> 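Below you'll find the structure I mean.
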Amino acid sequence: MSQEPEDVKPKLNLNISYDGSSVTVKVKSNMKFGKIFEAAEKRFGKEPGTFKFTYDGNRVGKDDTPAGLGMEDGDQVDAFLEQLGGGLQRT
């Protein structure tokens with residue numbers, strides 16, 4: 001009887017939400033978010049580096065991993081457009 005090897009790196013389905021839309025990305029728990037960000041931006045039709053991402057209200061860095069953040073299957077990551085400027089200038 002042959003047994004299939006267990007998947008030592010289980011995959012997670014992460015939902016990435018932007019402006020009322022959501023995409024699901026299947027990732028390994030030890031994959032760096034830099035690759036996940038690129039895939040999400042491509043699916044939303046945006047240029048690389050366009051979005052900033054948060055999970056549970058905390059900023060997610062490109063070197064973070066789902067395992068490092070304690071993520072589980074089905075968790076949601078929020079994407080926001082990067083905002084530059086907007087500060088008040090005093091005259």
Side-chain angles (χ1 to χ4, degrees):
M1 213 190 310
S2 68
Q3 290 185 350
E4 293 182 28
E6 287 187 38
D7 189 4
V8 292
K9 297 177 185 170
K11 292 193 165 74
L12 303 172
N13 291 305
L14 297 181
N15 297 313
I16 301 181
S17 175
Y18 164 67
D19 199 30
S21 303
S22 183
V23 296
T24 301
V25 200
K26 185 173 268 193
V27 300
K28 293 181 181 177
S29 61
N30 65 345
M31 179 183 285
K32 290 191 177 186
F33 267 100
K35 283 187 169 188
I36 299 168
F37 295 163
E38 288 175 17
E41 288 165 334
K42 192 174 194 176
R43 288 197 189 173
F44 283 117
K46 301 291 183 183
E47 293 292 320
T50 301
F51 289 132
K52 297 300 173 197
F53 297 87
T54 63
Y55 171 66
D56 280 344
N58 297 312
R59 181 82 173 264
V60 179
K62 65 180 181 176
D63 291 326
D64 290 331
T65 64
L69 296 176
M71 294 180 134
E72 297 177 356
D73 190 47
D75 279 351
Q76 179 173 311
V77 176
D78 296 310
F80 300 96
L81 289 175
E82 180 175 20
Q83 181 177 354
L84 299 174
L88 177 65
Q89 291 184 331
R90 297 182 186 247
T91 56

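Quick caveat, the model's predicted, so the values are computed rather than measured.
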> For Lys32 and Lys62, work out which heavy atoms get closest and say how close.
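Between these two residues, the closest heavy atoms are CB-O, 3.6 Å.
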> Considering all heavy atoms of both residues, which atom of Met71 and which atom of Val77 are nearest to each other, and what is their separation?
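It is CE-CG2, 3.4 Å.
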> Among all residues two or more places apart in sequence or in another chain, which pass the side chain to side chain contact (heavy atoms under 4.5 Å, CB included) test with Lys26?
Lys11, Asn13
> Looking at CG of Asn30 and CG of Leu12, how far apart are the two atoms once the value is rounded to the nearest 0.5 Å?
10.0 Å
> Kindly write out the residues that satisfy ring-ring contact (aromatic ring centres under 6.0 Å, His included) with Tyr55, not counting sequence neighbours, or none if the list is empty.
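With neighbours one apart ignored, the set is empty.
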> Quick one: side chain to side chain contact (heavy atoms under 4.5 Å, CB included) partners of Lys35, sequence neighbours excluded?
Met31
> Asp64: which residues meet the side-chain hydrogen bond (donor to acceptor under 3.5 Å, both in side chains) condition with it, sequence neighbours left out?
none
> Side chains of Ile36 and Pro66: does their closest heavy-atom pair fall under 4.5 Å?
yes
> Mind checking side-chain hydrogen bond (donor to acceptor under 3.5 Å, both in side chains) for Gln76 and listing every partner two or more places apart, or none if nothing turns up?
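Gln76 satisfies side-chain hydrogen bond (donor to acceptor under 3.5 Å, both in side chains) with Asp78 once adjacent residues are dropped.
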> To the nearest 0.5 Å, tell me how far Arg43 CZ sits from Ser22 OG.
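Arg43 atom CZ to Ser22 atom OG measures 10.5 Å (nearest 0.5 Å).
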> Apply side chain to side chain contact (heavy atoms under 4.5 Å, CB included) to Ala79 and list each qualifying residue two or more places apart in sequence or on a separate chain.
Ile16, Tyr18, Phe51, Phe53
> Closer than 3.5 angstrom, by distance alone: can the side chain of Glu38 be matched with the main-chain N or O of Pro48 as a donor-acceptor pair?
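The answer is no, because no donor-acceptor pair under 3.5 Å joins these two groups.
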> Tell me, please, which residues at least two apart from Ser17 pass side-chain hydrogen bond (donor to acceptor under 3.5 Å, both in side chains).
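Residues passing side-chain hydrogen bond (donor to acceptor under 3.5 Å, both in side chains) with Ser17: none at all.
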> Carefully, step by step, assess Phe33 and Leu69 under the rule side chain to side chain contact (heavy atoms under 4.5 Å, CB included).
CA-CA 11 Å; Phe33 267 100; Leu69 296 176; 3.7 Å; yes
